[in-house]
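Below you'll find the structure, written out as structure tokens, and then a few comments.
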Amino acid sequence: AQTVTQSQPEMSVQEAETVTLSCTYDTSESDYYLFWYKQPPSRQMILVIRQEAYKQQNATENRFSVNFQKAAKSFSLKISDSQLGDAAMYFCAYRRFTQGGSEKLVFGKGTKLTVNP
Amino acid sequence: KAGVTQTPRYLIKTRGQQVTLSCSPISGHRSVSWYQQTPGQGLQFLFEYFSETQRNKGNFPGRFSGRQFSNSRSEMNVSTLELGDSALYLCASSTDTQYFGPGTRLTVL
């Protein structure tokens, strides 16, 4: 069974600084997707970024970027120029690739990010 | 496009009752997944429906059930509620990336 581990239950960062959240996963599959979701106090789960395992290039979305190390099964999220609105729980998630269909997401336990003004 | 909607947003029930939660996916999305989120267990997959058929099921007792209608709207039902069913229930609709609704907060007293 696939597992996702987020080893940092809590992190804090100063506004405008950079922070990196860690995620490791375990799978025997070669094709899969990895995601970072953000859950602010409103509890709405928001997609931050997505990475396809077959792509060597790391995904980026504005201030958010990932460091995807397939051999090490590591998928960290870097947030640059942190803003107060980035404060939230961040979840790393894995999904097995299936042709033409959706598979369940396997989530880590989450990292609570605090942004200090 | 409108996002995923879930109703109701909050619900209070007592033990032994049953409850039905509703999810309307993003237009054009045929897959709907349900997750339970609790402080102790985190996010756990309940089931997934695609074109009115249950395609995946998580490790939950038979008290948890669901269905999907021809317009892709989905409902989940929990019968004989237990205190441990208190949770945030999240619905996600997808093509290949899952987009979540705001959740239904269920409290069982």
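Chain naming here is simple, since letters A, B, ... match the order of the sequence lines and numbering starts at 1 in each.
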Measure the spacing between CG of Leu105(A) and CG of Leu90(B) and express it to the nearest 0.5 Å.
-> 11.0 Å
How about residues 10-34 of chain A versus chain B: which residues have heavy atoms under 4.5 Å apart?
-> Tyr33(A)
Would you mind reporting whether Gln98(B) and Met45(A) have side-chain heavy atoms less than 4.5 Å apart?
-> no
Kindly write out the residues that satisfy ring-ring contact (aromatic ring centres under 6.0 Å, His included) with Tyr90(A), not counting sequence neighbours, or none if the list is empty.
-> none
Leu88(B) side chain near Gln39(A) side chain, heavy-atom distance below 4.5 Å = yes
From Lys57(B) NZ over to Lys104(A) NZ, what is the distance, rounded to the nearest 0.5 angstrom?
-> 11.5 Å
Check whether Arg30(B) gets within reach of chain A through its side chain, its backbone, both or neither, counting any heavy atom under 4.5 Å.
-> neither
Quick one: which residue pairs count as a salt bridge (Lys or Arg N to Asp or Glu O under 4.0 Å) with a foot in residues 8-25 of chain B, not counting sequence neighbours?
-> none
Keeping to residues at least two apart or across chains, list the ring-ring contact (aromatic ring centres under 6.0 Å, His included) pairs with something in residues 63-109 of chain B.
-> Tyr37(A)-Phe100(B), Tyr35(B)-Phe100(B), Phe60(B)-Phe64(B)
Flag if over 12 foreign heavy atoms under 6.0 Å of CG, Asn59(B) = no
Flag side-chain contact, heavy atom, 4.5 Å: Thr97(B) against Arg95(A) | no
Rounded to the nearest 0.5 Å, what separation is found between the CD atom of Gln37(B) and the CZ atom of Phe91(A)?
-> 5.0 Å
